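Below: one structure, written as structure tokens.
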Amino acid sequence: MRFAPNPNGPPTLGSTRGIVVNSEYVKKYGGRFIIRFDDTDPVTKRPMPEAYDWYLEDCKWLGAEPDEVVMASDRLPIYYEYAEKLIKAGHAYVCTCTREEFKKLKDNKQACPHRDTSPEHHLHEWKRMLAGDYEERTVVLRIKTDIKHKDPALRDWGAFRVVKTPHPRPEVGDKYVVWPLLDFEGAIEDHLLGMTHIIRGKDLMDSELRQKYVYDYLGWTYPHTSHWGRVKMHEFGKFSTSGLREAIEAGEYSGWDDPRLPTLRALRRRGIRPEALRKFFIDMGVGETDVSLSLDNLHAENRKLIDADANRYFFVWDPVRLDISGSQVTDAKLPLHPSVDRGFREITVESSVLVCSQDISDAKPGDLFRLKDLYNIRITGEGTAEFAGRDIETMKKEGGRIIHWAPVDGIPVKVLTPDGEITGIGEAGIATEVDRVVQFERFGYVRIDSANGEVIAYFTHR
RNA sequence: GCUCCGGUAGUGUAGUCCGGUCAAUCAUUCCGGCCUUUCGAGCCGAAAACUCGGGUUCAAAUCCCGGCCGGAGCACCA
């Protein structure tokens, strides 16, 4: 099995399906999992040098360490060798039609003037291509199929073109001016890498039909293939790697791990576990139907994984101060988890706390509240309240609400969510949880990203 | 325009290859109830589907034909 990305950006939720499904088959049935970088386009989908490592990192994170890593851009001489073989056998030809001319002929099932000249001539032209005698967009090496094939997608397809822009990898640079197209490069590689099975998106369905011509010419057997449909997430619109890149460069996003983005780096920073992603995509299966689903499913899986390990803390957004009369200094002892024994956190409360303004905005004097794990209070006026006992049962009888709170000397917290930033005050203990996922009670799960004076948290999900 | 795929509850998914065991699986969402000093979880319950029309057959989600709907390919992108 293989996963064959073009590293022109970091892995996204879309790439994850390829990584998870292919690696899962290997885990289940044995075999080898190969990552092949299809980085054969130095211009239109120009690879990012950093992204190669990003893919490897993210694969490792997802529990999909490859048995082998291959870069197509290292292997151009191999592709040239097979091209030459095909030219000599009369299965490929150098075509100097313009794109428009060729399309017109092809659509009318007509061969172009170059198709039927001798292999010797094409071999000569091919050498000239390699030597750089041709400019970009003036020439292409085509594989002969059946120019009268009823499916226009299969008629004599392009295998190599001239690209004079250097490749972004310094090891490659301007070494080559003739680059293979995906169908050719993939065809050769899948055979050479010993691929027995291919699972990929159904946009590549016709590739199989095109590549089979090459396999037939070379006497190879095509791997078993299956294809999955398109995935659309309700939460993310249409996104392309190049589109994201532009938006990031324009400053619309803070970077490739902006919490609004569907990149793996962003999901990881938000505290999504790799196991949740694996389960999510394995449960999705490999059907050919297009699916459109909500991140809720992923979040549900993630919640099951993180809940028992996530310590609870109070975070008060849009805080307002409440001065409480009649209370004594109290050392509150609060469990770090409601059902798992994870110990306690302690907060000393003198005579004021912070609460969310929305919790008391409608409160009238006389209304009873329970400050969770502390004591009861009764509202007496704007920003003031009085102590109303410690017994929760009496409060329950009266039907008061339980709200959370924060100490007045808590630390500032900023939560980055897909919908924007939320700021407030949290208890000091949060600062000890850097790089862990915790739950802000009555708010949701967050991953504590940093705590230098101010805590920066990335919202995970509710 | 030509060509290729697909269509099972709100959303995914199993079953389709090899027709009966399907009065259709599982998960999730929504809605009730229990439990709970947050949220969630847990437990109980409820609702919810074979795209349509023909055909073959004793028997069709399953096989065949047609319609409708959706997606993809027809690049000197991957």
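Just so it is clear, the structure is predicted and the values come from calculations on it, not from any experiment. Naming: A, B, ... by sequence-line order, numbering from 1 per chain.
- Aromatic rings from A:Phe443 and A:Phe459 are positioned such that their centres are separated by under 6.0 Å.
- The side-chain tip of A:Arg142 points at the ring of A:Phe102 from less than 6.0 angstrom away and within 45° of straight on.
- Residues A:Tyr313 and A:Leu334 form no side-chain contact, since every pair of their non-hydrogen atoms from C-beta on lies 4.5 Å or further apart.
- Here B:rC39 presents its C1' atom at 15 Å from NE2 of A:His299, a figure rounded to the nearest Å.
- Residue A:Leu293 is in sugar-phosphate contact alone, with no base atom involved, counting any heavy-atom pair closer than 4.0 Å across all strands shown.
- One can place CG of A:Asp307 at 13 Å from C1' of B:rU36, the figure rounded to the nearest angstrom.
- Checked for salt-bridge contact, A:Lys164 and A:Glu135 meet the test: a charged N lies under 4.0 Å from a carboxylate O.
- No side-chain donor-acceptor contact under 3.5 Å links A:Arg46 and A:Thr165.
- Contact of A:Glu441 with B:rC39 (side chain to base): no donor-acceptor pair of N or O atoms is detected under 3.5 Å.
- Remark: the A:Glu208 side chain and the A:Tyr222 side chain contain no N/O donor-acceptor pair separated by less than 3.5 Å.
- For B:rA9 and B:rG19, the P atoms lie 24 Å apart once the distance is rounded to whole Å.
- A:Ser292 comes within 4.0 angstrom of the backbone, heavy atoms only, and of no base.
- A:Arg303 comes within 4.0 angstrom of sugar-phosphate atoms only, judged by non-hydrogen atoms across all strands, and of no base.
- Aromatic pair A:Phe314/A:His404: centroids less than 6.0 angstrom apart.
- A:Lys104 NZ: 12 or fewer foreign heavy atoms inside a 6.0 Å radius.
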Tell me, for nucleotides 73-78 of chain B in 5' to 3' order, what letter each nucleotide earns: B for a base near a protein heavy atom under 4.0 Å, S for only sugar-phosphate near one, - for neither?
BBSBBB

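- A heavy-atom distance below 4.0 Å to RNA chain B is reached by these residues of residues 275-284 of chain A, ordered by number: A:Asp283, A:Met284.
- At whole-Å resolution of the value, CG in A:Asp146 and C1' in B:rU3 are 13 Å apart.
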